[in-house]
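Data first, discussion second: the structure below is written as structure tokens.
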Amino acid sequence: MAPGGGICKDVIESCVEFADYDMATSSAELRGSPLRKAATGLGGNLGATSTNDAHELLECPVCINLMYPPIYQCPNGHTVCSICKARVHNSCPTCHNELGNIRCLALEKVAESLELPCRYQILGCHDIFPYYSNLKHEKNCRYRPYSCPYAGAKCSVTGDIPFLVMHLKNDHKVDMHDGCTFNHRYVKSNPHEVENATWMLTVFNCFGRQFCLHFEAFHIGMAPVYMAFLRFMGDEDEARQFSYSLEVGGNGRKFMWQGVPRSIRDSHRKVRDSQDGLIIQRNLALFFSGSDRQELKLKVAGRIWKEQ
């Protein structure tokens, strides 16, 4: 456990803010990985303490995650992270004494002397970072898992691209197509009654990579619209190597849009809300559909190519 209250200072609130960081770094994922520097001592003499011991000192006893400032302690020296302090209603999870606002500044100082491997080391990242820089790196690490790009329902599955491709195929029953050109037809009866809708995701295998075609109905302000856009299953830098075009038409008219696919690092909602895709007002989409404009019959043609 953390050192006693004699070497920690009573502080009302932390002067060090880590709100921008993802606080979910799991010690279980890092356990067994070597901490590259030994701690330099609580009260000036921790040189003989093993790095594993220092690692254990920095584990929150509630969530078992690594702790970052502000680190709190009770009068008996038991520590807890700032997130779990609220969860346990200011009661020490070890001895049940009141936590108050006692900061363990010495333990926070020990953390400054440590270096950690990236939590995604097993996925290919071999970088080492100072303790307080590691979270910021992991938030943007290029080896971090991708989130499932399926937009029809909330899905918490994460993984690398090959895993997500199989997940989309087997679990979401997504249509998979080979080729860099496509013609997709979207049909909806009573479209005036549908204010918000998401059609089934379609995945295209092109240039050995995967692209997700999204189509949905929503509102921009008070105007009902349909939107089609493409997301790339990979990082943003790779996505910029490709371009795509989308085209709709009917009744002798044609409407076309061209752009760069967005990485699935950007959520489906983020891309939609940025309006980065082919947007068609509902009245125009129904005009393209023909007949009496009472049914949506919209054909979306597209092409994907690689920039030289």
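Index from 1, following the sequence. Quick note: numbers below take in every heavy atom, side chains included, and nothing from hydrogens, waters or symmetry partners.
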Please report the closest heavy-atom contact between [X] and [Y], naming both atoms and the distance.
X	Y	value
Cys125	Tyr143	CB-CD1, 3.4 Å
Leu168	Cys148	CD2-SG, 3.9 Å
Ala217	Trp199	N-CZ3, 3.7 Å
Cys60	Cys84	SG-SG, 3.8 Å
Glu98	Cys74	O-CB, 4.3 Å
Arg209	Gly234	NH2-CA, 4.2 Å

**Asked** So do Cys118 and Cys141 have their SG atoms closer than 2.5 Å?
**Response** no
**Request:** Go through Ile279 and Ile220 one step at a time and tell me if the side-chain contact (heavy atoms from CB on, under 4.5 Å) criterion holds.
**Result:** CA-CA 10 Å; Ile279 298 175; Ile220 297 179; 4.0 Å; yes
Any side-chain heavy atom of [X] within less than 4.5 Å of one from [Y]?
X	Y	result
Pro145	Tyr120	yes
Gln121	His126	yes
His219	Pro224	yes
Leu57	Leu107	yes
Leu66	Asn134	no
Leu286	Leu296	yes
Lys139	Lys136	no
Asp160	Leu123	no

Taking [X] for its side chain and [Y] for its backbone only, find out whether a donor-acceptor pair lies under 3.5 Å.
X	Y	result
Glu108	Ile71	yes
Glu138	Arg119	yes
Thr181	Arg303	no
Ser91	Val88	no

**Prompt:** Heavy-atom count around Glu238 CD within 6.0 Å, excluding the residue itself: above 12?
**Reply:** yes
ILVMFWY network linking [X] to [Y], side-chain heavy atoms under 4.5 angstrom:
X	Y	value
Leu213	Phe207	yes
Met227	Val187	no
Val225	Phe288	yes
Leu135	Phe129	no
Val203	Val157	yes

Compute the centroid of each ring, for [X] and then for [Y], and state whether the two points are separated by less than 6.0 Å.
X	Y	value
Phe229	His268	yes
Phe163	Tyr146	no
Phe211	Tyr244	no

**Asked** Do the numbers put Arg253 on top of the ring of Phe287, so that NZ or CZ is under 6.0 Å from the six-membered ring centre and no more than 45° off the axis?
**Response** no
**Prompt:** On the ring face of Tyr226, is Arg282 found with NZ or CZ under 6.0 Å from the centre and within 45° of the axis?
**Reply:** no
To the nearest 0.5 Å, tell me how far [X] [atom1] sits from [Y] [atom2].
X	Y	atom1	atom2	result
Cys92	Asn97	SG	CG	6.5 Å
Met67	Thr79	CE	OG1	3.5 Å
Leu201	Glu216	CG	CD	11.0 Å
Asn140	Arg265	CG	CZ	9.5 Å
His177	Thr202	NE2	OG1	5.5 Å
Cys155	Asp171	SG	CG	7.5 Å

**Asked** Taking only residues two or more places apart in sequence or in another chain, which ones pass salt bridge (charged side-chain N to carboxylate O under 4.0 Å, His left out) with Asp237?
**Response** Arg240
**Message:** Go through it in stages, so that I can follow the logic: the residues are Lys85 and Asn90, the test is side-chain contact (heavy atoms from CB on, under 4.5 Å), and I'd like the CA-CA distance, side-chain angles, deciding distance and then a yes or no.
**Reply:** CA-CA 5 Å; Lys85 180 176 181 286; Asn90 210 38; 3.0 Å; yes
**Request:** Please state whether the rings of His172 and Tyr150 are parallel, tilted or perpendicular, taking 30° and 60° as the class boundaries.
**Result:** parallel
**Request:** Show your working on side-chain contact (heavy atoms from CB on, under 4.5 Å) between Trp257 and Asp276 and close with a plain yes or no.
**Result:** CA-CA 10 Å; Trp257 188 88; Asp276 189 6; 3.5 Å; yes
**Asked** Are the charged groups of Glu247 and Lys254 less than 4.0 angstrom apart, N to O?
**Response** yes
**Message:** Between Ile264 and Ser147, is the side-chain contact (heavy atoms from CB on, under 4.5 Å) condition met? List the steps.
**Reply:** CA-CA 7 Å; Ile264 60 171; Ser147 297; over 6 Å; no
